[in-house]
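The figures here come from the full heavy-atom set of this structure, side chains too, leaving out hydrogens, waters and symmetry mates.
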Amino acid sequence: DLARNLATAVAHLRLASDRTVALLGTGGIHQVVVELFDGYVLVNSLPHGATLGVLITGPVDLGLLGYATTLFVQRVNPNLTPDLLAALSG
């Protein structure tokens, strides 16, 4: 199932990114971009440990895609609470 595989991949990318930050002592992760042969995977950090993962295949304007996901994250951030995330996690 593509959605489940993407969710697993995004979770692993977020974990690797967080561990990289810890090792290097930098300020945190904003966005991770993985370039594929036929597209991209974008991973954005959200508050309370939430993560947004986007898979795009085919030709794309990466700058526009990065801008759109960043804008989405900025709009969603104020509404994400630990209680909401717990409810969504099931």
Locate the shortest heavy-atom distance separating [X] from [Y]; write the atom from each residue and the value.
| X | Y | value |
| --- | --- | --- |
| Leu55 | Val41 | CD1-CG2, 3.8 Å |
| Ile29 | Ser45 | O-OG, 3.3 Å |
| Asn79 | Leu84 | O-CD2, 3.4 Å |
| Val10 | Val43 | CG1-CG1, 4.0 Å |

- Query: So how far is it from Asp18 CG to Thr51 OG1, rounded to the nearest 0.5 Å?
  - Reply: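 Those atoms lie 7.5 Å apart.
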- Message: Just verifying a value: how many Å separate Leu64 CG and Leu71 CG, rounded to the nearest 0.5 Å?
- Response: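 Answer for the CG-CG pair, Leu64 versus Leu71, is 10.5 Å.
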Answer yes if [X] and [Y] sit in the same cluster of Ile, Leu, Val, Met, Phe, Trp and Tyr residues linked by side chain heavy atoms under 4.5 Å apart, and no otherwise.
| X | Y | value |
| --- | --- | --- |
| Leu6 | Leu13 | yes |
| Val21 | Leu52 | no |
| Val32 | Leu24 | no |
| Phe72 | Leu80 | yes |

- Message: By the definition side-chain contact (heavy atoms from CB on, under 4.5 Å), identify the one residue from Val73, Val54, Asn44 that meets it with Gln31.
- Response: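 Going through the options one by one, the only one that passes is Asn44.
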- Of Leu62, Thr70, Val34, the residue whose pairing with Leu42 passes side-chain contact (heavy atoms from CB on, under 4.5 Å):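 Answer to the side-chain contact (heavy atoms from CB on, under 4.5 Å) test with Leu42 among Leu62, Thr70, Val34: Leu62.
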- Item | Flag, side chain of Arg14 to backbone of Ala50, donor-acceptor distance under 3.5 Å |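 The answer is yes, because a donor-acceptor pair under 3.5 Å joins these two groups.
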